[in-house]
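As structure tokens, the structure follows; a few thoughts come after it.
Owing to the predicted nature of the structure, the values given are computational and were not obtained by experimental measurement.
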Amino acid sequence: MVCRLNKSLYGLKQAPRAWHSRIAAFLVTLGFVEAKSDTSLFIYHHGAETAYLLLYVDDIVLTASSPSLLRRIISALQLEFPLKDLGVLHHFLGVTVEPRPTGLLLHQRQYTLDILERAGMTGCKPCPTPVDTQGKLSEAEGSLVADPTAYRNLAGALQYLTFTRPDITYAVQQVCLHMHDPREPHLTALKCLLRYLRGTVDYGLLLHRSPSSELVVYIDADWAGCPDTRRSTSGYAVFLGGNLVSWSSKRQLVVSRSSAEAEYRAVANGVAEASWLRQLLAELHSPLSRSTLVYYDNVSVVYLSTNPEKKMLGKYLNFRTEG
């Protein structure tokens with residue numbers, strides 16, 4: 001027998017765009033509004049009823065303010081699309097969601113074990129720290145690795161692991177800097193990170209109910225830390241109440257000519273992330289009533305940020321310094 005294919009979701013270049021347009025148009029008829037902060041998020045809000053729908057290709061996470069509203073939305077989706085209700089959220093895009101008495105634990109334990117098995121390090125000796133803090137590796141230091149493809153595959157897989165493991169974000173960023181030309185010291189650093197994961201395979205991100213809804217940002221940066229390009233590395237961690245909701249460790253795009261310039265660029269990145277989160281929370285109908293608190297350890301940057309000519313940076317933010 002021969003089957004004729006009319007349409008395909010996978011394989012065609014425009015298939016994802018066509019599918020997103022199709023389901024987005026239907027969700028609008030149900031009363032959902034596509035979020036401007038995140039085009040994969042759809043929000044339903046009518047009176048006291050609220051629902052959030054997160055879409056990733058054909059995987060959907062749906063939550064609502066009441067069980068009746070949740071069942072009504074699922075029934076409408078089932079009438080329009082052939083879908084399967086998997087019940088309470090327990091697994092999504094490789095992330096396992098475990099209910100705990102204090103909240104939800106997000107982890108990637110199985111994904112971590114798969115990476116260790118791929119690297120042949122399931123029985124390795126654990127390491128107490130994910131990275132050597134003594135100094136950064138140079139691009140031309142050491143001899144070339146025998147299998148650069150394996151290095152790149154492991155480094156790329158570790159990037160997805162940072163979704164629930166903020167403790168390895170900096171170490172993964174340092175390893176990925178040398179994917180184009182990996183050498184033996186870089187491979188040693190990668191193995192050190194894998195050994196750390198072997199001892200912390202059950203770690204994850206715990207989200208719990210917090211009495212405070214204040215948005216707090218912690219930011220820091222080095223100056224000319226890269227031994228090859230002399231670029232600085234900036235990082236931030238954003239807390240909503242007592243929950244860590246966003247984090248980053250990234251090498252800056254340009255060379256800073258002073259420590260104040262490097263630190264100011266780091267603050268700009270953290271403030272941009274905080275501004276986006278404020279907009280997202282406003283679209284979720286949970287706007288923040290207080291200014292975002294930004295902690296930093298550079299007095300020059302604080303003075304620059306409070307300059308009246310820099311109004312966009314400090315419009316919704318308060319800065320504090322810590323030694």
query = Which residues satisfy the ring pair (Phe, Tyr, Trp, His ring centres under 6.0 Å) test with His285, sequence neighbours excluded?
reply = His45
key: Greater than 12 external heavy atoms within 6.0 Å of Phe32's CZ   = yes
message = Going by the rule side chain to side chain donor-acceptor pair (under 3.5 Å), which residues pair with Arg22 if we only count those two or more places apart in sequence or in a different chain?
response = Glu80
ask   = How long is the span from the CD1 atom in Ile168 to the OG atom in Ser249, to the nearest 0.5 Å?
value = 11.5 Å
Neighbour count above 12 (heavy atom, 6.0 Å) for Tyr303 OH = no
Which atom of Gly142 lies closest to which atom of Pro185, heavy atoms considered = CA-CD, 3.8 Å
key: Phe239 ring center within less than 6.0 Å of Trp247 ring center   = no
query = Looking at Glu49 and Arg72, does any basic side-chain N land under 4.0 Å from a carboxylate oxygen?
reply = yes
request  = Taking all non-hydrogen atoms of both residues into account, name the closest pair between Leu41 and Tyr52 and its distance.
outcome  = CD1-CB, 4.4 Å
ask   = Are any of the side-chain nitrogens in Lys136 or Asp222 under 4.0 Å away from the carboxylate oxygens of its partner?
value = yes
Where Gln173 and Lys250 come nearest, the two heavy atoms and their spacing = NE2-C, 4.0 Å
Lys/Arg-Asp/Glu bridge criterion (N-O < 4.0 Å) met for Glu263, Arg265 = no
query = His90: what forms a ring pair (Phe, Tyr, Trp, His ring centres under 6.0 Å) with it, not counting sequence neighbours?
reply = none
